[in-house]
Amino acid sequence: MSHADLLSDLNEPQRQAVTHREGPMLILAGAGSGKTRTITYRIAHLIQQDPALAGRILAVTFTNKAAEEMKGRVISLLPPLQASPLVCTFHSFAVRVLRRYAQRVGYRADFTICDTDDQKRVYRTIYREMGLKDKELPARMVRSVISRAKNQGWGPREFLKNARSMDDEDIARVFDHYQRYMQASNAVDFDDLILLTVKLLRQHEDVRFRYSDWFRFLLIDEYQDTNKPQYDLIRNLTELHSNVCAVGDEDQSIYGFRGADINNILRFEKDYPGTRLIKLEQNYRSTQVILDAAGAVVANNLSRKGKTLWTESKGGRKIELFVAPSAKNEAGWVCDKIEECLGWGEEHLAVLYRTNFMSREFEEALRQRRIPYRLVGGVSFYSRKEVKDALAYLRLAINRSDNVSFLRIVNEPARGIGRTTLERLQKIASRRDLNLGEALSLALREHLLPGRAHKALQRFSELMDECESHLDLAFHLCLDKILESSGYRTALREEGTEEADNRLLNLDELINVAREASQRGATMQSFLDEAALRADTDEYDAKAAVTLMTLHNAKGLEFSTIFLVGCEEGLFPHQRAIQENDVEEERRLCYVGLTRAQRKIHLSYSRMRRFFGRDSHESNQPSRFLNELPTELVEAVHSPSWSPGSDHRRDSSFLPSWNEPPVVQRRPQPKAFAGITRNSKKSVQQFLDNLPRTSKPGAQPGQIVKGGTVEHPKYGRGRVLHVQDMGKDSKVTVQFPGLGIKKLIQSYARLRPV
DNA sequence: TTCAGAAGGATTTTT
DNA sequence: TCCTTCTGAA
């Protein structure tokens, strides 16, 4: 592509931004104004001007997805390059730097990266060591407080200085213990990655010089989402050349919960004197209706400078709002509409929701109708137990001081190393200031533990030595060997359940991924890093026209039609945000959601929704954001099974008929249930025994129903706890006496009702 | 030490 | 409902 071509795709302000030569630049861009396009083109343009610069450009994003997309686009704009620009997330950049210089900040280069799941384990261990009870000091809360403190740049000492309550003192102790534990394990968490990099750059002038000299151009996407450590990182990197280009939109700041500080963008011009400010206000994505709606909602926020987006595509289709009596009905309506859209040949549809758990209802509905979809987020491949276990073996083989991985796999599969043994080992470790691996060798050498435990530990120690010896192999082979010799696979094979089979398949898949990575020339370390930093995106069907994801995940993307579902008070805005008085961020989230749409928005909410497997007893109120939409842009649609009424509690001048009388209350449970506690099995069994076998309305005699009994060829007779319809098959949850609860696919398990 | 069953608590949002 | 933790029996 020639130079002129590149620029001819752009409007005037975009062109100015792309061709800006030296010095700091701040691009304030609205939704759909070609923000990403502008920085992508800028990168391409810089390289066109001077190909030698390519490797000295650094572009930082927040998500892997954004980084991948940007990299792909830059490459497509340019002829093949010798050096390519570095496009990556803050975290992967930090890992890159730290792998080289970790020892300067007190870690070894083979440090382990702990994800949230690992972190939880660490807290559990610490709580046990410190004799703390989760009930008295909820670990969840402590984790978030500590993470927030870290993201403010505080260590345990600073935190203690600012302590406000009794709890804070305990938290400071946990904080201190946690950091020391992690350091002893040569492990870092996500927060540490950035913090340590900042510390490194701050304290070591040569390193700072090296990076800030090398990267001549720095570009940061979504600057409004940077938190303090990320800000510090950028400051350090731009010490020599202030060729920094930040792109952001104050209205799209939705990461306050992890410390994103909107002030970073507001003070940019002060931080970098001589900043060139460019505003992109023309929207290329959406219709005027959509922009007006989104603008009207976000206008209710007090803390914003305010801007008006405009578009050349006037008018547009009204927003449709559907009020469903139940979540199932809501999903059904969404599917109807999706089928309609697909019928017209639309290809980019998205169902957006506030919290991940909402995906289930929609997945089920889509699957039943055989509509292919793609789910982004949720439980990813890399966070499955078996995958994490397998990776923990590798990590421990590389980094023998990694206590986190040690604890994860020392008795996985069960090899006779129980709680007591581990507690003793941990005592030895803490008394002599050793990590668990060292404590293990010591205990073996000096026979500190009783015979049986000693033998079990001996075997484990030999196993780890063997694993370490496999490290010379290509790492997919190494992984394969480890899974065999550790007995991990054997244990799963012996289990013989369907779940175990799936786990085995996942392990095969992991080996495939590893093989591909190793053939690409990746090192084992980089393979593990990638796995740790990629906590997202599970793509079930990459070609599917329908995408399901959270609003947060949707940032930066666009779709022709969107469905913003679950617009209920308490869900969106989330209850927590309402309590903590932070509805403005939720509103920005709403803005982000609405502005993803190019042509058409569907909104919906359900008056009834199941939480924790239980129906909400009160009728849900519509989200306040619905009330903030200009009525003339919205067209209300009702469920046929529901007739509109009026609600006297609200001013009916807005939302003409959306506030309807409460749904008929769920009938209180019959008295007969009252004496049955959930777990008193006998009485439940008695109760179930007295139920007619086909207790479900519409069930055929001989059909498998909840509360009935079934026969399984291998496990024998069991009680049906739950039947989930999946179209052709059903997922049946059965309790087999003595075998526990199993989940089976009906046709596969050949269940027979008795 | 291990396992099944009982009990109780949990759902923001991302790297 | 689903997941983790606790408890007691083998």
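Chain A is the first sequence line, chain B the second, and so forth, proteins listed ahead of strands; every chain is numbered from 1.
Ring geometry for F460(A) versus F406(A): interplanar angle over 60°, hence perpendicular rather than tilted (30 to 60°).
The residue A414(A) sits close only to the backbone: its heavy atoms come under 4.0 Å of sugar-phosphate atoms, none of a base. Note on R124(A): only backbone sugar-phosphate atoms sit closer than 4.0 angstrom, heavy atoms only; bases stay farther off. Note on Y255(A): only backbone sugar-phosphate atoms sit closer than 4.0 angstrom, heavy atoms only; bases stay farther off.
Between the CG atom of N227(A) and the P atom of dT15(B) there is a distance of 14 Å, given to the nearest Å. Across the protein-nucleic acid pair, Y123(A) atom OH and dT5(C) atom P stand 16 Å apart, rounded to whole Å. The CG-P distance, from L589(A) to dT13(B), rounds to 11 Å in whole Å. Rounded to whole Å, the distance from OH on Y353(A) to P on dT14(B) is 10 Å. Residue I254(A) contributes atom CD1, which lies 8 Å from atom C1' of dT13(B) at whole-angstrom precision. For D582(A) and dT12(B), the CG to P distance is 14 Å, given to the nearest whole Å. As a whole-Å value, the separation of H454(A) NE2 from dT1(B) P is 15 Å. Atoms CD (E423(A)) and P (dT1(B)) sit 10 Å apart, rounded to a whole Å.
Side-chain nitrogen and oxygen atoms of T116(A) include none within less than 4.0 Å of the OP1 or OP2 phosphate oxygen of dT14(B). Proximity of R140(A) to the phosphate of dT11(B): a side-chain N or O atom is located under 4.0 Å from OP1 or OP2. Residue N411(A) places at least one side-chain N or O closer than 4.0 Å to OP1 or OP2 of dT2(B). For T550(A) and dT12(B), the shortest distance from a side-chain N or O to OP1 or OP2 is not below 4.0 Å. Contact annotation: N356(A) side-chain N/O to dT12(B) OP1/OP2 distance is not under 4.0 Å.
Taking a cutoff of 4.0 Å between a charged side-chain nitrogen and a carboxylate oxygen, E585(A) and R588(A) qualify as a salt bridge. Between E361(A) and R609(A), none of the side-chain N atoms (NZ, or NE/NH1/NH2) sits under 4.0 Å from a carboxylate O, so this pair counts as no salt bridge. R258(A) has no carboxylate O lying under 4.0 Å from a charged side-chain N of D191(A), or vice versa, which leaves the two without a salt bridge.
If you run side-chain hydrogen bond (donor to acceptor under 3.5 Å, both in side chains) between K555(A) and each of D225(A), T550(A), T63(A), only D225(A) comes through.
Judged purely by atom type and a 3.5 angstrom limit, N64(A) uses its side chain to pair as donor or acceptor with the backbone of L533(A).
Applying the 5.5 angstrom centroid cut-off and the 30 degree plane-angle cut-off, the aromatic ring of F257(A) is stacked upon the base of dT13(B). Put simply, H574(A) rests on the base of dT12(B): the two rings are less than 5.5 Å apart at their centres and nearly parallel, under 30°.
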Check nucleotides 6-10 of chain C against the protein and report each pair of N or O atoms closer than 3.5 Å, with its distance, or say if there are none.
none

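Of the residues near DNA chain B, G416(A) and S92(A), the one whose nearest nucleotide (by heavy atom distance) lies more toward the 5' end is G416(A). Taking the nucleotide of DNA chain B with the nearest heavy atom to each of E580(A) and T420(A), the more 5' of the two is matched to T420(A).
Donor-acceptor pairing under 3.5 Å, judged by distance alone, is absent between the side chain of R576(A) and the base of dT11(B).
Side-chain rings of F257(A) and H552(A) approach one another, their centers coming within less than 6.0 Å.
Of the candidates dT14(B), dT12(B), dT11(B), the closest approach to any side-chain atom of F357(A) belongs to dT11(B).
Within the 4.5 Å cutoff, the side chain of L564(A) has heavy atoms near those of the L594(A) side chain.
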